[in-house]
Asker: 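Submitted below is the structure of interest, expressed as structure tokens.
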Amino acid sequence: PDGWQKDERPAIPAHARSVWEVHVADFTADPASGVPQAYRGKFMGFTVDGTTLNGDGVHPTGLNYLKRLGVTHVQLQPIFDFATVDEVSGEDYNWGYDPLNYNLPEGSYATDAFHGEVRVRECRAMVQALHSAGLGVVMDVVYNHTYYSYSWLERTVPGYWNRRWENGSLTNGSGCGCDLASERTMVRKYLVDSCVYWAKEYHIDGFRFDLMALHDVETMNAIRAALDALPGGEDILMYGEPWQGGSTRMEHGAIPANKQAAGLLDSRIGFFCDNTRDAIKGGVFNAGSAGYINGDMHCGYQVLHSIPAWRGGQADFMPQAPGQVVQYVSAHDNYTLWDKLKCVARRGDYAAPDADLLAQNRIPLRQTVGSWGEVDVLCDLRELPFAANSIDLVVMPHVFEFSDEPHQILREVERILIPEGQVVIVGFNPLSLWGLKRRFDRSGEFPLENIRTLGENGLMGIEVPAEYGGAGMDRS
């Protein structure tokens, strides 16, 4: 696209990073988004600015919404070529965990699936638009398996690319394909080269590795080293799921890149922390199991251990640094926080308002210093907060909107005047808090100690110093 050679990754300091997950098609598919029909559900949907809900001029949508959300990075569910989606009809839908061509953008997201240069140009245009908005782009990569046993790679060198059991049958540790043997020399080189290719040719700012434990530690560290060698590459994010979807068979003593290998992985390779997730809302494999917020008080100590990123040895892993721990409560898999609350409470109408569950929904914010979204938890401000767009903001009973920014970032916010004459912004929804933090952070170094709990109810807030205009606000 025009200006691509001048595109640069936004400079985002480590302490400010916050990631928001989205599916490319879902982001602008709805006609009410205000995005032109030709761009709905496409890469180009991210390039349209200034849109509002049904054109009402009040409620931002698309890129206009993202710019006001308060996050720093957008994690895109897979954008490389899918195996099961008809690129022409536009009628198929898939999250994209069915990889076909790892180094090619998905054609159904392009306005023209027949000319390869179009999908390349439009994918770049999406990244460029997000960069222009000050947002980093994280790519969800599914290198752990090939969708078909007769993939292009396996056809090239039969018997080399995929793992096999001793009887010759293919392993399926992902539960949805055939495992790539990352521990083999040329497979490792392919994965390293692919990540470097996306970073160089599409200016990708980070990689989220699906089922990262199906990769070996040496391969993950090799990818980290290769990205670090690029200009500005040390700022490219790397994190993934530290688990498998089934059994696999690594060779030659290769070590899976799971939580137990945290000490062997580069300290800047992060992993999603299911310990924190389950302590807060209950286990994901039993719909009725409770966590701390929905009644199991035994999980309270686990929540406390999550605050220092489990570095006290209370879990089955030992992170080298807080930055390895991606704290979250909900992502695109399993129950959302709201659905889990409904399941534990045995309340079947998921759309029905429920004051008790709304109160439980707020608790994760009160538990820790620093939380994230309705997906809730950033326990250590040096960790990586993560949110998913599949969970909408819950409207709380008390709503206040700043008159100059009447949008979703600032809803569900209350203001309280404290004795010193400064203002504390108290938000039930951390999206509001992070948006406010960026709004008042004029120096680029807003003191982390300004984010703190308040009073006996344990609400979290941002104390806005007088020099930032705090003293000029009245009680509301």
Asker: Under 3.5 Å, side chain of Glu154 to main-chain N/O of Trp161, donor-acceptor pair present?
Answerer: yes
Asker: Kindly assign one of parallel, tilted or perpendicular to the pair Trp20 and Tyr65, based on the angle between their ring planes and the thresholds 30° and 60°.
Answerer: tilted
Asker: Identify the residue among Phe46, Tyr97, Tyr93 that makes a ring-ring contact (aromatic ring centres under 6.0 Å, His included) with His23.
Answerer: Tyr93
Asker: Regarding Arg277 and the six-membered ring of Tyr328, is the cationic atom NZ or CZ under 6.0 Å from the ring centre and inside 45° of its axis?
Answerer: no
Asker: Below 4.0 angstrom, N of the basic side chain to O of the carboxylate: do Glu234 and Arg9 qualify?
Answerer: no
Asker: Is the shortest side-chain heavy-atom distance between Arg119 and Thr111 below 4.5 Å?
Answerer: no
Asker: Could you measure the distance from the CD atom of Glu241 to the NZ atom of Lys259? Nearest 0.5 Å is fine.
Answerer: 12.0 Å
Asker: Is the closest side-chain heavy-atom distance between Asn94 and Pro78 below 4.5 Å?
Answerer: no
Asker: In chain order, what residues pass the side chain to side chain donor-acceptor pair (under 3.5 Å) check against Asp210, with sequence neighbours excluded?
Answerer: Asn144, Arg208
Asker: With the threshold set at 4.0 Å, does a side-chain nitrogen-carboxylate oxygen contact exist between Arg163 and Glu183?
Answerer: yes
Asker: In the structure I gave you, are the side-chain heavy atoms of Tyr160 and Arg184 within less than 4.5 Å of one another anywhere?
Answerer: yes
Asker: Go through the side-chain N and O atoms of Ser33 and Thr61 and say whether any donor and acceptor fall under 3.5 Å apart.
Answerer: no
Asker: Which is it for Phe317 and Phe271 under the ring pair (Phe, Tyr, Trp, His ring centres under 6.0 Å) test, yes or no, and what are the steps along the way?
Answerer: CA-CA 11 Å; Phe317 65 97; Phe271 50 83; 5.5 Å; yes
Asker: Quick check on Glu218: does its CD atom have over 12 non-hydrogen neighbours (other residues, nucleotides or ligands) under 6.0 Å away?
Answerer: no
Asker: Do Ser108 and Asp86 come within less than 4.5 Å of each other through their side chains, counting heavy atoms only?
Answerer: no
Asker: Take Gln75 and Val22 through the test side-chain contact (heavy atoms from CB on, under 4.5 Å) and record every step on the way to the result.
Answerer: CA-CA 6 Å; Gln75 177 186 299; Val22 69; over 6 Å; no
Asker: Is there a side-chain contact (heavy atoms from CB on, under 4.5 Å) between Arg347 and Leu357 once you walk through the steps?
Answerer: CA-CA 10 Å; Arg347 297 173 187 175; Leu357 298 189; 3.6 Å; yes
Asker: Under 30°, 30 to 60°, or over 60°: which ring-plane class applies to Phe272 and Trp243, parallel, tilted or perpendicular?
Answerer: tilted
Asker: Testing the basics here: between Tyr335 and Cys343, what is the closest heavy-atom pair and its distance to 0.1 Å?
Answerer: CE2-SG, 3.6 Å
Asker: Does atom OH (Tyr148) have a neighbourhood of more than 12 heavy atoms from anything else shown, all under 6.0 Å?
Answerer: yes
Asker: Please report the shortest heavy-atom distance between Trp310 and Pro319, naming the atom on each side.
Answerer: O-CD, 3.9 Å
Asker: Give the intermediate values and the outcome of side-chain hydrogen bond (donor to acceptor under 3.5 Å, both in side chains) for residues Gln244 and Ser174.
Answerer: CA-CA 6 Å; Gln244 302 174 359; Ser174 68; over 6 Å; no
Asker: Say whether, by atom type as modelled, one donor and one acceptor occur between the side chain of Asn101 and the main chain of Leu104 under 3.5 angstrom.
Answerer: no
Asker: So does Gln327 get a backbone contact from the side chain of Thr276, meaning a donor-acceptor N/O pair under 3.5 Å?
Answerer: no
Asker: I want to know whether Trp4 and His203 have ring centres closer than 6.0 Å.
Answerer: yes
Asker: Taking only Lys NZ, Arg NE, NH1 and NH2, and the carboxylate oxygens of Asp or Glu, determine whether Arg188 and Asp216 approach each other closer than 4.0 Å.
Answerer: yes
Asker: Ring centroids only, cut at 6.0 angstrom: are Tyr197 and Tyr102 within range, meaning strictly under it?
Answerer: no
Asker: Heavy atoms, side chains only, cut-off 4.5 Å: are Val137 and His131 in contact?
Answerer: yes
Asker: Looking at Arg121 and Pro1, would you say the former's side chain and the latter's main chain have a donor-acceptor pair under 3.5 Å?
Answerer: no
Asker: Of all the heavy-atom pairs spanning Thr47 and Ala125, show the shortest one and how long it is.
Answerer: CG2-O, 3.6 Å
Asker: Give the minimum heavy-atom separation between Val24 and Ile79, together with the two atoms involved.
Answerer: CG2-CG2, 3.8 Å
Asker: Evaluate the side-chain hydrogen bond (donor to acceptor under 3.5 Å, both in side chains) criterion for residues Glu122 and Tyr39: first the C-alpha distance (whole Å), next the side-chain angles of each, then the deciding distance (0.1 Å), finally the verdict.
Answerer: CA-CA 10 Å; Glu122 293 182 351; Tyr39 289 175; over 6 Å; no
Asker: What salt bridge (Lys or Arg N to Asp or Glu O under 4.0 Å) pairs are there with at least one residue in residues 99-110, not counting sequence neighbours?
Answerer: none
Asker: Can you tell me if OH on Tyr350 sees more than 12 non-hydrogen neighbours from other groups inside 6.0 Å?
Answerer: yes
Asker: I'd like to know if Asp49 pairs up with Lys67 as an ion pair, taking the criterion as any Lys NZ or Arg NE/NH1/NH2 lying under 4.0 Å from an Asp or Glu carboxylate oxygen.
Answerer: yes
Asker: Please test Leu264 against Ile255 for side-chain contact (heavy atoms from CB on, under 4.5 Å), starting from the C-alpha separation and ending with a verdict.
Answerer: CA-CA 9 Å; Leu264 301 176; Ile255 300 173; 3.7 Å; yes
Asker: Could you go through the side-chain hydrogen bond (donor to acceptor under 3.5 Å, both in side chains) check for Ser330 and Trp338 one step at a time?
Answerer: CA-CA 9 Å; Ser330 304; Trp338 180 252; over 6 Å; no
Asker: So, the side chain of Gln320 versus the backbone of Leu265: is there a donor-acceptor pair under 3.5 Å, distance only?
Answerer: yes
Asker: What's the verdict on side-chain contact (heavy atoms from CB on, under 4.5 Å) for Tyr239 and Val138, showing C-alpha distance, side-chain angles and the deciding distance?
Answerer: CA-CA 10 Å; Tyr239 57 92; Val138 177; 3.4 Å; yes
Asker: Verify the neighbour count for atom OH of Tyr190: are there more than 12 heavy atoms of other residues, nucleotides or ligands below 6.0 Å?
Answerer: yes
Asker: Are any of the side-chain heavy atoms of Cys195 and Tyr143 separated by less than 4.5 Å?
Answerer: yes
Asker: For Val329, is there any backbone N or O sitting under 3.5 Å from a side-chain donor or acceptor partner on Lys340?
Answerer: no
Asker: Is there a side-chain contact between Asp278 and Gln302 in this structure, where contact means two heavy atoms from C-beta onward sitting under 4.5 Å apart?
Answerer: no
Asker: Check whether any side-chain N or O of Ser306 sits under 3.5 Å from a backbone N or O of Val303 as a donor-acceptor pair, and report yes or no.
Answerer: yes
Asker: Is Glu117 atom CD crowded by more than 12 heavy atoms from other residues, nucleotides or ligands, each under 6.0 Å away?
Answerer: yes
Asker: Would you find a donor on one side and an acceptor on the other, under 3.5 Å apart, between the side chain of Ser169 and the backbone of Trp165?
Answerer: no
Asker: Check step by step if side-chain hydrogen bond (donor to acceptor under 3.5 Å, both in side chains) holds for Asp179 and Thr171.
Answerer: CA-CA 6 Å; Asp179 303 338; Thr171 65; 2.7 Å; yes
Asker: Mind checking whether Phe209 and His215 have parallel, tilted or perpendicular rings, split at 30° and 60°?
Answerer: perpendicular
Asker: Under 4.5 Å between any side-chain heavy atoms of Ile236 and Asp228, yes or no?
Answerer: no
Asker: To check you understand the geometry: which heavy-atom pair defines the closest contact between Leu214 and Ser182, and what is its length?
Answerer: O-OG, 4.0 Å
Asker: Any side-chain to backbone donor/acceptor pair from Asn172 onto Cys176? Under 3.5 Å, distance only.
Answerer: yes
Asker: Donor-acceptor pair, distance only, cut-off 3.5 Å: does the side chain of Arg40 make one with the backbone of Ala38?
Answerer: no
Asker: Give me the atom names and distance for the closest heavy-atom approach of Asn162 to Ser149.
Answerer: OD1-O, 4.3 Å
